[in-house]
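Worksheet for the structure shown next.
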Amino acid sequence: MSRKSSWILPFYLLISLYFSACAPTQALPQFKNTLVAIQPTPSVVVKATPVASLAIATVTKGPVVCNSQAGSLETGVIDTLLLDKPMRYTVYLPPCYSLDINMRYPVLYLLHGQGYIEDQWIRIGAVSTADRLIAAGDILPFIIVFPFDYSYKQPAEYRFEDVFIQQLIPTIDGTYRTQVAATQRAIGGLSRGGAWSLHIGAGHPDLFGSIGGHSPAIFIRGENSLKRDILAIPPDQLPRIWLDAGDSDSEYEVIVPFEEFLSQKNIPHEWHKYIGWHDEKYWSAHVERYLRWYAQGWR
């Protein structure tokens, strides 16, 4: 290498270092969004109490509120030497009967027709209709008793009436929270049961405030005694009386003269003639009318 070349190279190196140190620093890129560090939030643990263990205290003032729409049925038997067979019976208790032990109820006794048993009224809709009307607030709640009459005999031939009056009614009043005034007790029946309701009701106006005869097969041997009993009732003790029958009812020709007797003697009553026969189809079609009528006497 020549002497000139030896000093030229270091000279160029010094010049390069000088200009590199003086060059402007390159700008960093600028970001529009600023990143913020988020501190972790402490965990919150919610402890849920099982519903089954919650004790909900409800403070009520006034009457107990009943949300049930169905009553209940109970059965009983009166085993007596006065009859050849025990008197079975079924009792309908209105919705929520067990809730208010201070409340007392009117009672309706409903008798079945000949050839049937105590469940006839239940089968044709008395219980389901009562549930529906009570739940809707259309009628006041009441107790219904369905007794069983096993016989086809006339009243004077066996002691059904005596057992009914002397044993059944006291048993019901002693077992259930009933209202015992005559105005709060009613009796009604279908066919033979209707004949019984007229016979028993007219003979005991001190016990029944309403009597319903639905297609009543009026007792042939007891017709005159029935009329005498009705005429013997003091005017201020006369019960409410309902009679109805279908225009094709097999008992129609017997029922109409009895209704005419009531009219001639100015005995207050209701007479309803409908289209129909002497059968369950006819009675089931009118169950609601019957129950509404009985309940009207208790308002």
Side-chain angles (χ1 to χ4, degrees), residues 89-90 92 108-130 133 144-155 160-161 164 186-203 208-227 229-230 239-265 267-297:
Y89 60 89
T90 298
Y92 164 79
L108 169 61
Y109 290 83
L110 291 178
L111 294 98
H112 61 84
Q114 184 172 315
Y116 298 97
I117 63 174
E118 67 271 27
D119 73 343
Q120 184 181 26
W121 275 98
I122 299 172
R123 287 190 300 95
I124 66 173
V127 165
S128 58
T129 301
L133 294 177
I144 309 178
V145 182
F146 307 98
F148 173 53
D149 174 20
Y150 64 84
S151 183
Y152 57 88
K153 297 177 182 178
Q154 295 290 302
F160 177 83
E161 180 179 2
F164 193 105
I187 185 171
L190 307 170
S191 189
R192 175 181 171 85
W196 266 125
S197 69
L198 293 171
H199 180 87
I200 294 175
F208 300 97
S210 298
I211 303 171
H214 312 298
S215 307
I218 297 172
F219 295 124
I220 297 174
R221 299 179 195 175
E223 183 178 3
N224 290 331
S225 63
L226 172 60
K227 292 178 179 179
D229 286 343
I230 290 178
R240 302 165 64 240
I241 300 175
W242 166 295
L243 291 175
D244 76 273
D247 56 357
S248 299
D249 195 302
S250 58
E251 300 293 327
Y252 188 79
E253 299 304 322
V254 177
I255 297 170
V256 170
F258 178 69
E259 188 278 323
E260 292 174 346
F261 159 78
L262 295 177
S263 296
Q264 292 167 3
K265 299 300 182 180
I267 305 297
H269 66 286
E270 289 189 34
W271 162 237
H272 299 270
K273 176 183 175 181
Y274 300 115
I275 298 174
W277 301 77
H278 193 90
D279 55 21
E280 289 190 344
K281 180 180 179 181
Y282 169 82
W283 297 319
S284 63
H286 298 91
V287 164
E288 181 173 332
R289 289 189 178 95
Y290 301 158
L291 295 185
R292 286 182 180 274
W293 181 79
Y294 289 116
Q296 285 174 1

query: After noting the C-alpha distance and the side-chain angles of Q296 and R240, does the key distance pass the side chain to side chain contact (heavy atoms under 4.5 Å, CB included) rule?
result: CA-CA 10 Å; Q296 285 174 1; R240 302 165 64 240; 3.9 Å; yes

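- Between W271 atom CH2 and E260 atom CD the span is 9.5 Å, to the nearest 0.5 Å.
- Using the six-membered ring where Trp is involved, Y274 and Y282 have ring planes that are tilted, between 30° and 60° apart.
- Taking the six-membered ring for Trp and thresholds of 30 and 60 degrees, F164 and F208 have ring planes inclined between 30 and 60 degrees apart.
- In this structure, H278 and W283 have perpendicular ring planes: the angle between them is above 60°, well past the 30° mark.
- What you find for P147 and V145 is that their closest heavy atoms are CD-O, 3.4 Å.
- Considering Y290, W293, W242 in turn, W242 is the only one that fulfils the ring pair (Phe, Tyr, Trp, His ring centres under 6.0 Å) rule with H272.
- Across all non-hydrogen atoms, the minimal contact from S197 to I211 is O-CG2, 3.4 Å.
- Residue I122 holds its CD1 atom at 9.0 Å from CD1 of I117, rounded to the nearest 0.5 Å.
- Scanning all heavy atoms of the two residues, the minimum distance from P216 to A195 falls at CB-N, 3.9 Å.
- Of all heavy-atom pairs spanning L111 and G193, the tightest one is CB-CA, 3.7 Å.
- The closest donor-acceptor contact from the side chain of S284 to the backbone of K281 lies under 3.5 Å.
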- request: Begin from the C-alpha positions of E161 and H199 and carry the test side chain to side chain contact (heavy atoms under 4.5 Å, CB included) through to its verdict.
  value: CA-CA 9 Å; E161 180 179 2; H199 180 87; 3.1 Å; yes

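- Using a 4.5 Å heavy-atom cutoff, the side chains of V127 and I144 are not in contact.
- Within 6.0 Å of atom CH2 in W277, 12 or fewer heavy atoms from other residues, nucleotides or ligands are found, so the atom counts as exposed in its surroundings.
- Taken to the nearest 0.5 Å, the CG atom of D229 stands 11.0 Å off from the CG atom of N224.
- A donor-acceptor pair under 3.5 Å links the side-chain atoms of Q120 to the main chain of G113, judged by distance alone.
- When all heavy atoms of Y294 and G212 are compared, the pair lying nearest together is OH-CA, 3.3 Å.
- Each of R289, K273, H214 was compared with D244 under the side-chain hydrogen bond (donor to acceptor under 3.5 Å, both in side chains) criterion, and only H214 meets it.
- With values rounded to the nearest 0.5 angstrom, I187 atom CD1 is found 9.0 Å from L108 atom CG.
- Put simply, the side chain of F258 reaches to within 4.5 Å of the side chain of L198, judged on heavy atoms.
- Judged by distance alone, the side chains of E259 and H269 do bring a donor and an acceptor atom under 3.5 Å apart.
- Between the side chain of R192 and the main chain of S151, a donor-acceptor pair closer than 3.5 Å is present.
- The minimum heavy-atom distance between A245 and I255, with the atom names listed, is CB-CD1, 3.7 Å.
- For an aromatic pair to be called close, the ring centres must be under 6.0 Å apart, and F146 with H112 fails this.
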task: Would you sort out whether T90 and D119 count as a side chain to side chain contact (heavy atoms under 4.5 Å, CB included), showing the intermediate values?
output: CA-CA 8 Å; T90 298; D119 73 343; over 6 Å; no

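- The CZ atom of R123 sits 7.0 Å away from atom OH of Y116, with the distance rounded to the nearest 0.5 Å.
- Considering CG of L190 and CH2 of W121, their distance stands at 4.0 Å, rounded to 0.5 Å.
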